[in-house]
*Asks:* 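Below are the structure tokens for one structure; questions will follow.
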Amino acid sequence: MNIRVLAARVLEPLINHRGSLKSTLPEALVQCPTQDRALLRQLCYGTLRDFYRLSAIANALLKRPLQAQDQDLQALLLVGLYQLRSMRIPAHAAVSETVEGTRELNKAWAGKLFNAVLRRYQREQEEIESSLAQDEQFQYNHPLWMIDKLRHNWPDHWQSILQENDTPGPMTLRVNERSLTREEAIKKLTQNQITVTPGQHSPQALTLAEAIDVSKLPGFSQGLLSVQDEAAQLACILLDAKPGQRVLDACAAPGGKLCHLLETQPSLCEAIAVEMEPSRLEKVRDNLERLKLSHECVLHLGDASARDWWNGTPFDRILVDAPCSGTGVIRRNPDIKLLRRNEDILGLANLQLGILDNLWQMLAPGGRLVYATCSVFPQENERIVERFVKLHADAKSLPVPLTCGIERPYGRQLFPAAGEHDGFYYAILTKDA
């Protein structure tokens with residue numbers, strides 16, 4: 001089996017703006033021999049991470065673009081260029097396997113073209129890339145609309161955001177303090193030759209020196225540890241749930257914030273989680289079961305912008321982890337660069353405001369609502385909260401008590417940080433008693 005072809009088949013739908021890496025890669029991994037799965041992942045993630053830079057190189061090498069019906073070839077060519085540019089695979093193997101892939105795609109006519117293009121890149125890499133120095137998509141490796149929007153929104157931060165988006169984020173764990181302390185977890189991991197450091201912002205966070213398979217984490221299957229970025233762990237701190245309160249986690253999948261809440265506050269009156277997609281709700285259930293928390297939460301298949309699942313009893317705390325562009329987690333999901341469009345942001349903003357409007361009716365007087373996204377665009381973040389507060393006389397925006405990120409007029413914005421947390425936004429709203 002040609003792993004380059006398998007990678008191209010994973011990437012082709014994404015080039016055509018269909019699906020996501022999470023939907024196309026799992027089936028390919030099933031087809032892939034076990035010993036080649038790490039290579040397949042690297043080819044897919046690496047090619048997507050460098051997509052705009054590789055595309056600029058391909059356009060410079062090709063006399064004319066490949067046809068729309070040949071996007072599988074486009075994907076294969078980018079995979080070939082990625083190997084030559086960023087991997088230690090011998091160049092002759094990278095070229096020959098990629099050229100052979102044209103035959104497996106039943107497009108043998110492209111074999112000579114690919115051989116010529118890849119070998120020219122081998123010979124002229126420095127000159128070709130120097131000629132692209134003024135091409136912003138090559139230079140910053142993002143779509144132009146995203147570069148322009150970040151430059152406009154964050155004139156002092158946009159370049160560092162783009163740079164961090166192209167640097168894989170660290171693997172961060174959350175310690176289940178119902179079962180062990182962070183110090184005990186560090187000792188347990190160290191005894192298993194796993195190097196970790198305590199997180200800087202969440203008291204339950206541990207950052208691994210190197211990412212490893214969760215099956216190798218001692219205590220993972222028993223629910224002692226979970227994988228969760230440190231920025232996401234801050235939701236539980238900001239929600240500040242107290243014993244005896246009713247808490248709602250809206251848009252709850254995959255359930256990390258919900259599980260963190262239940263781990264740290266076992267004396268709630270009731271915890272409700274809502275998710276509108278059955279497959280995503282199943283992931284919430286799986287996480288609760290692994291952590292032995294299923295009996296402490298009620299799951300609802302429902303829409304956070306509707307009320308047909310609500311029994312009318314108000315909540316003391318509401319977490320709104322709103323659907324968003326995901327532009328704060330591109331370093332973990334590089335396909336966002338391809339799949340997201342500038343015009344998507346307005347639709348997402350309208351959805352976010354609609355969800356806030358709906359859930360506000362469910363918050364008890366004196367209650368607290370935490371609004372969160374993994375976006376770095378103000379249109380989905382502080383501007384939503386500003387609009388909301390102006391529309392609701394009983395809503396007040398509180399300062400967000402964090403040291404990471406930057407304070408905004410409404411809420412706090414976190415950017416992806418080297419060796420630390422992902423990009424995130426938080427706002428705290430309270431309702432007049």
Side-chain angles (χ1 to χ4, degrees), residues 174 176-178 202-204 228 232-253 255-276 281 284-285 287-288 291 293-323 352-373 384-385 388-389 391-402 410-412 424-433:
R174 185 186 76 243
N176 183 353
E177 289 194 336
R178 283 204 192 184
S202 166
Q204 291 84 34
Q228 186 181 36
Q233 294 185 37
L234 303 176
C236 181
I237 297 171
L238 300 179
L239 200 61
D240 191 29
K242 306 297 185 185
Q245 290 184 334
R246 296 188 78 245
V247 179
L248 169 66
D249 183 357
C251 315
K257 299 177 186 68
L258 172 68
C259 292
H260 190 194
L261 168 68
L262 295 173
E263 288 170 0
T264 55
Q265 185 48 267
S267 302
L268 297 174
C269 171
E270 187 175 28
I272 305 289
V274 175
E275 174 56 50
M276 68 180 299
L281 187 66
V284 178
R285 184 174 286 108
N287 278 320
L288 288 168
L291 295 164
L293 296 170
S294 301
H295 62 288
E296 298 186 27
C297 182
V298 177
L299 303 184
H300 284 293
L301 183 64
D303 185 349
S305 63
R307 301 185 204 173
D308 52 358
W309 48 268
W310 183 42
N311 66 4
T313 305
F315 296 96
D316 303 291
R317 296 286 189 269
I318 297 179
L319 172 62
V320 184
D321 189 6
Q352 291 153 356
L353 188 59
I355 289 173
L356 266 181
D357 281 331
N358 182 59
L359 297 177
W360 191 250
Q361 312 309 313
M362 304 179 192
L363 185 65
R368 170 180 290 211
L369 183 150
V370 172
Y371 176 78
T373 77
I384 293 294
V385 176
F388 180 82
V389 170
L391 289 170
H392 295 81
D394 60 348
K396 180 181 180 182
S397 175
L398 299 180
V400 177
L402 297 174
Y410 295 87
R412 195 169 188 91
F424 237 80
Y425 172 81
Y426 282 112
I428 301 173
L429 297 170
T430 59
K431 180 181 279 191
D432 289 345

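Predicted, not measured: the structure shown is a model, and the values here were computed from it.
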*Asks:* Can you list the residues that meet the side-chain hydrogen bond (donor to acceptor under 3.5 Å, both in side chains) rule with Asp316, with sequence neighbours excluded?
*Replies:* none
*Asks:* List in chain and number order the residues that pass salt bridge (charged side-chain N to carboxylate O under 4.0 Å, His left out) with Arg174, two or more places apart in sequence or in another chain; answer none if no residue qualifies.
*Replies:* Glu263
*Asks:* Can you name the nearest heavy-atom pair linking Ala235 to Leu319, along with the distance?
*Replies:* CB-CD1, 4.2 Å
*Asks:* For Arg285, which residues count as a salt bridge (charged side-chain N to carboxylate O under 4.0 Å, His left out) partner, sequence neighbours excluded?
*Replies:* Glu282
*Asks:* Hey, could you give me the CZ/CD1 distance between Arg412 and Ile428, rounded to the nearest 0.5 Å?
*Replies:* 10.5 Å
*Asks:* Could you work out, with ring-ring contact (aromatic ring centres under 6.0 Å, His included) as the rule, every residue matching Phe424, not counting sequence neighbours?
*Replies:* Tyr426
*Asks:* Is a donor on one side and an acceptor on the other found under 3.5 Å between the side chain of Glu275 and the backbone of Ala253?
*Replies:* yes
*Asks:* Determine yes or no for a side-chain-to-main-chain donor-acceptor pair under 3.5 angstrom, with Gln245 supplying the side chain and Phe315 the backbone.
*Replies:* no
*Asks:* By side-chain hydrogen bond (donor to acceptor under 3.5 Å, both in side chains), which residues pair with Asn311, not counting sequence neighbours?
*Replies:* Thr313
*Asks:* By ring-ring contact (aromatic ring centres under 6.0 Å, His included), which residues pair with Tyr371, not counting sequence neighbours?
*Replies:* none
*Asks:* Nearest 0.5 Å, what's the CD-NE2 distance between Glu177 and His260?
*Replies:* 7.0 Å
*Asks:* Does any non-hydrogen side-chain atom of Pro203 lie less than 4.5 Å from one of Ile237?
*Replies:* yes
*Asks:* Between CG of Leu429 and NE2 of His392, what distance do you get to the nearest 0.5 Å?
*Replies:* 10.0 Å
*Asks:* So, taking the atom named CG in Leu391 and the one named CG in Leu356, what distance separates them when rounded to the nearest 0.5 Å?
*Replies:* 10.5 Å
*Asks:* Is the shortest heavy-atom distance from the side chain of Tyr425 to the side chain of Val385 under 4.5 Å?
*Replies:* yes
*Asks:* Search all heavy atoms of Leu288 against all heavy atoms of Cys259 and return the closest pair with its distance.
*Replies:* CD2-SG, 3.8 Å
*Asks:* Tell me every residue that passes side-chain contact (heavy atoms from CB on, under 4.5 Å) with Pro243, counting only those two or more places apart in sequence or in another chain.
*Replies:* Gln265, Ser267
*Asks:* Do Phe388 and Asp357 come close enough that some side-chain heavy atom pair is under 4.5 Å?
*Replies:* yes
*Asks:* May I ask you to test the Arg307-Met362 pair for a side-chain heavy-atom distance under 4.5 Å?
*Replies:* yes
*Asks:* Looking at Ser305 and Asn358, what are the two nearest heavy atoms and their distance?
*Replies:* C-ND2, 3.4 Å
*Asks:* Give, for atom OG1 of Thr430 and atom CG of Leu363, the distance between the pair rounded to the nearest 0.5 Å.
*Replies:* 8.5 Å
*Asks:* Not counting sequence neighbours, which residues clear side-chain hydrogen bond (donor to acceptor under 3.5 Å, both in side chains) with Trp360? List them please.
*Replies:* Asp394
*Asks:* Return each pair, listed once, that meets salt bridge (charged side-chain N to carboxylate O under 4.0 Å, His left out) where at least one residue sits in residues 238-252; pairs must be two or more places apart or across chains.
*Replies:* Asp240-Lys242, Arg246-Glu270
*Asks:* Of the options Val370, Val247, Leu369, which is the one that meets Arg317 in a side-chain contact (heavy atoms from CB on, under 4.5 Å)?
*Replies:* Val247
*Asks:* How close do Gly244 and Cys269 get, counting heavy atoms only, and between which atoms?
*Replies:* O-CB, 3.1 Å
*Asks:* Whether the side chain of Asp308 engages the backbone of Gly302 through a donor-acceptor N/O pair (distance < 3.5 Å, no angle test) should be reported.
*Replies:* no
*Asks:* Give the minimum heavy-atom separation between Ile272 and Cys297, together with the two atoms involved.
*Replies:* C-SG, 4.4 Å
*Asks:* Could you work out, with salt bridge (charged side-chain N to carboxylate O under 4.0 Å, His left out) as the rule, every residue matching Asp321, not counting sequence neighbours?
*Replies:* Lys257
*Asks:* Pairs in or reaching into residues 293-303: which pass salt bridge (charged side-chain N to carboxylate O under 4.0 Å, His left out), with residues at least two apart or in two chains?
*Replies:* Arg178-Glu296
*Asks:* Can you name the residues that form a side-chain hydrogen bond (donor to acceptor under 3.5 Å, both in side chains) with Gln233, not counting sequence neighbours?
*Replies:* Ser202
*Asks:* Tell me the closest heavy-atom pair linking Ala241 and Leu268, and the distance in Å.
*Replies:* CB-CD2, 4.0 Å
*Asks:* Does any part of the side chain of Leu238, heavy atoms only, come nearer than 4.5 Å to the side chain of Leu402, both counted from C-beta?
*Replies:* yes
